[in-house]
Structures are given as C-alpha cells and as structure tokens.
Amino acid sequence: MKKNIISFATVLVAALLVVSITSCHSGENSSATNSDSTKNAASDDNTLVGAGSTFIYPLFSKEFSEYNKSTGLKVNYQSIGSGGGILQITNKTIDFGDSDVPLNDDQTAKAGAPMLHIPMASGAAVVAYNLPGLTDTLKLDAKTLADIFLGKVKKWDDAEIAAINKGVKIPSLDIMVAHRSDGSGTTYIFVDYLSKVSDEWKTKVGKGTSLNWPAGVGGKGNEGVAGLVKQTPGAIGYVELAYAYQNKMSFAKIENKAGNFIAPTLASITAASNVQLPADAKVSITNTDAADGYPISSLTWALIYKEQNYNGRTQDRATKLINLLWWNIHDGQQFCKDLTYAPLSASAVTVAENILKSATYDGKAIKQ
C-alpha cells in the first residue's frame, strides 16, 4: 500500500510538470487558457488533444508519457472535469474526451452524431469514517448507509448499525456526514448506488453530480471531504479510493447484492465490472451482480466520435487516436495498480476492443 501511495504522489507531481499535458480546474477557464495550444495541437497530426475527468488524470499522464517514449506521439490532456470534457468533444475542439458518467439523452442529442464510450479503467467511492478506538472494520449494508446519509441514523451506537456489527464495540458518538459541495463524478457514483438500493433516497434525493443533501457538511473536492472526516471524530463521508489510501483512512466494508460484505480493493473493484456489459459499454456497475465485486464502483470512459472524418481531420490522425486508445486498454493497464486504479476486467476489455473496431473514417473501418 505504501508503494501505491508513493507512486501515485510521485507520478501526480511529475505529471503536473509535463509541459505537453495541461491541467485546469475549470471548464470555462480551460477553454480560454488553452485555446491557442489546443488549436496548434489540433493542426499537428503528431499531437492528440483530450480533456475531461480529473479522476483519470494521473493514470493518463503516466500512460501518455510511456506511449510517447515508444511512439513519439504527444498527447495534450486537459484535466477539467467530466462535464468539460463532454462539452469540448461535443464542440469537436478535441480528439477525445473522458467522463466518469456516460452521456445522458440530452448530451447524446447535442453531440449530433454517434459517440463511442471506451472503458479506460475502474474506480470506486469509498465510505470512510473516523471512529477513535474502533479496531474492527465497520460493516454497512445498503439500507443503513442510505439512512445515515438521509440523516435518519444520527448516533454510531444506533441499533441499526449495531445489528450489522455484532460483537464490535462502537463508540457512542454523533454521526457527522461529510459530502462534496462541488459537482463531482465521485458524487454521481455514490448516489447512483444509493438510488438503486434505497427507494427513499431515490424519491427524496435522487442522483446527479451535485445535490441538495438532506444532512451533513460539504467539502470541496475529495481532499475537502477527506479533511472533514479525518478532523472530526464521528464523521463519515465518501472519497475516491486513492484519497482513502493516501490519507490512511478507515473505510467500511459494504454489503453487495449477493449479500457479501466487500472491502474496496483493486481486485474487488475490477471484479465489479467483470459482468456482462452491454455492447456500447454505457452501463452503471454500482450494485454489481458480481459476488466478489465492490458495489460502489464505476468505469471511466474515453469519448470519441464513431465517424472520425470531420472538421478536416486526416485519416492519419484518426488512426493514431484509435491506436492510442487500443494501447490504453491493453499495455496501458499495467500502470493502473501502482496508481491505485483498478484495471479493466477481461469482459470490459473485450467490449472496449469491439467498440474501437467500430470506429470509421469515411464510413470504412480504421486499420490499426
């Protein structure tokens, strides 16, 4: 675990210094700040341009750096968030986007042409908590987790929690819920799960990248939620797996659909996607059917237009893009574990291969 944390931090810092990859925190600022560099890169067939998910940024940075060493191809990836990536690929100002959430019906309509979703890796929302003196790993089922975030269960020694954790001495502390205050793919993954397992949550709160939370305190970013949980005895919140590892946080085992209490590990997150995926890969894997899968897991997708002959794009540029993404889902997966990402399952790789093979240039399959 220590190796994972060090590697993650090292690569993230190094990535921020790579000139060819620009990181931004706002979609609007990114569009203005990077307009010149994006235009220049778009006219150079040896430089591909991408934008989107901040979650995938450290992995993409490592993968694109390694790919450049072996092929000479440069990739300018702007870490601006899933929404920004969707907007820029829809506007056809980049070669590919990346999103932790599939396009919805409205976004699909605005794209104006078929968009492909290619799985890149898996991640998870971890339920972290701060309970001084608790040496056992806390277990939570779906109903109890929903009740806590609905504000219905207010004390840690509540009978509902005690019933799941028999024989475990849980301190009598008030529960303080921590959640994201900003729009977030991590939030979407977490509440997508809650909406599936709790009718009350689905009716009263629902799902989205940002919500009107029924209880708790908001923190900006994963780091904000992690900070609230670490600093507040009795706190509980959701963060990405890497942040839980980095901050040495305690996190719960969550009961999955099969009735097994599963800890969030790279293996259990990969297992969550090792189910029958639809041909277009647009699927939520929260509340997975996999018996050994962690139930609050999700894929992240690269987004490209199926027909690559648009806006004067060359066939060479289209071929380089498909080759890059093909490498990502195969050789690039070797870099996942050290950066605390879950590699794609075998079934996800197969679906991703078929999707990439469906990409065309002038109506004809793109040869790799």
Side-chain angles (χ1 to χ4, degrees), residues 7-8 11-12 14-15 18-22 41-42 44-79 85 89 94-100 115-123 266 269-270 273-274 277 279-281 299-308 313-361 364-368:
S7 298
F8 178 89
V11 172
L12 179 55
V18 175
V19 175
S20 63
I21 300 175
T22 304
D44 174 13
D45 280 351
N46 202 46
T47 300
L48 298 179
V49 183
S53 167
T54 58
F55 160 73
I56 198 67
Y57 175 59
L59 178 60
F60 271 179
S61 297
K62 176 63 175 176
E63 287 179 332
F64 298 156
S65 174
E66 293 297 323
Y67 195 74
N68 173 259
K69 291 176 184 177
S70 61
T71 67
L73 182 75
K74 298 176 183 178
V75 183
N76 181 328
Y77 183 75
Q78 303 163 16
S79 176
I89 188 64
I94 55 177
D95 296 290
F96 67 97
D98 192 273
S99 175
D100 304 329
M115 190 88 75
L116 301 179
H117 291 62
I118 305 99
M120 291 284 106
S122 300
L266 298 184
I269 295 168
T270 296
S273 67
N274 198 24
L277 301 181
D280 63 5
L299 295 168
T300 184
W301 296 265
L303 307 173
I304 64 171
Y305 279 98
K306 180 176 181 178
E307 173 53 57
Q308 286 287 299
R313 291 167 61 81
T314 67
Q315 187 164 357
D316 179 55
R317 189 178 192 89
T319 301
K320 286 176 177 176
L321 174 61
I322 298 304
N323 286 340
L324 169 69
L325 297 178
W326 185 272
W327 183 89
N328 276 16
I329 67 172
H330 292 98
D331 293 0
Q333 294 295 297
Q334 67 183 292
F335 304 109
C336 287
K337 290 183 178 179
D338 280 352
L339 297 175
T340 327
Y341 293 86
L344 294 174
S345 65
S347 62
V349 170
T350 299
V351 170
E353 289 176 342
N354 292 333
I355 292 171
L356 282 172
K357 289 176 182 177
S358 74
T360 59
Y361 188 88
K364 299 178 181 179
I366 298 173
K367 295 182 180 180
Q368 298 182 46

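Owing to the predicted nature of the structure, the values given are computational and were not obtained by experimental measurement. The analysis underlying the following values was restricted to heavy atoms, covering all of them including side chains, and did not include hydrogens, waters or symmetry mates. Count residues from 1 along the sequence.
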Next item on the list: Could you pull out all residues at least two apart from F335 that satisfy ring-ring contact (aromatic ring centres under 6.0 Å, His included)?
Entry: none

Next item on the list: Decide yes or no for N328 and F64: does some side-chain heavy atom of the first lie under 4.5 Å from some side-chain heavy atom of the second?
Entry: yes

Note to self: Working to the nearest 0.5 angstrom, can you tell me the gap between I329 CD1 and L344 CG?
What the structure shows: 7.5 Å

Margin query: Contact between I56 and Y77 at the side-chain level, heavy atoms closer than 4.5 Å - yes or no?
Written below: yes

Item checked: Straight-line distance of Y67 OH to K74 NZ, nearest 0.5 Å -> 15.0 Å

Note to self: I'd like to check Y57 versus D98 (side-chain heavy atoms, cut-off strictly below 4.5 Å). Are they in contact?
What the structure shows: no

Next item on the list: Report the C-alpha separation of Q308 and T360 in whole Å, then their side-chain angles, then the decisive distance to 0.1 Å, and conclude whether the side chain to side chain contact (heavy atoms under 4.5 Å, CB included) test is met.
Entry: CA-CA 6 Å; Q308 286 287 299; T360 59; over 6 Å; no

Next item on the list: Would you give the length of the straight line joining atom CD1 of I304 to atom CD1 of I89, rounded to the nearest 0.5 angstrom?
Entry: 8.0 Å

Check: Out of curiosity, D95 CG to Y305 OH, how far, rounded to the nearest 0.5 Å?
Finding: 12.5 Å

Item checked: For the student: nearest non-hydrogen atoms of I366 and Y361, plus distance -> CG1-N, 3.7 Å

Margin query: Quick one about N76 and T47 (side-chain donor to acceptor, distance below 3.5 Å, no hydrogens or angles considered), yes or no?
Written below: no

Next item on the list: Rounded to the nearest 0.5 Å, what's the gap from CG on L299 to CG on L277? Could you check?
Entry: 6.5 Å

Margin query: If I compare all heavy atoms of C336 with all of A121, which pair ends up nearest, and what's the gap?
Written below: SG-CB, 4.4 Å

Check: Which residues satisfy the side-chain hydrogen bond (donor to acceptor under 3.5 Å, both in side chains) test with S122, sequence neighbours excluded?
Finding: none

Check: Are Y341 and P58 close enough that some pair of their side-chain heavy atoms sits under 4.5 Å apart?
Finding: yes

Margin query: For a quick test of reading the model, state the closest non-hydrogen atom pair linking I94 to G85 and the distance between them.
Written below: CD1-O, 3.9 Å

Note to self: Can you tell me how far apart CG (D331) and CD (E66) are? Round to the nearest 0.5 Å.
What the structure shows: 11.0 Å

Notebook entry, point to check: Do M120 and L325 have side chains that get closer than 4.5 Å, going by heavy atoms?
Noted result: yes

Check: Would a 4.5 Å heavy-atom cut-off, applied to side chains only, mark N46 and L73 as touching?
Finding: yes

Note to self: I'd like to know if the side chain of Q78 and the backbone of G50 have a donor-acceptor N/O pair within less than 3.5 Å.
What the structure shows: no

Notebook entry, point to check: Closest approach of S53 and D100, non-hydrogen atoms and distance?
Noted result: OG-OD1, 3.0 Å

Checklist line | K320 side-chain N/O to D45 backbone N/O, donor-acceptor pair under 3.5 Å | finding: yes

Distance-only check: which donor-acceptor pairs under 3.5 Å involve side-chain atoms of residues 351-358, not counting sequence neighbours?
from : atom 1 : to   : atom 2 : distance (Å)
E353 : OE2    : H330 : NE2    : 2.6
N354 : ND2    : T350 : O      : 3.4
S358 : OG     : I355 : O      : 2.6

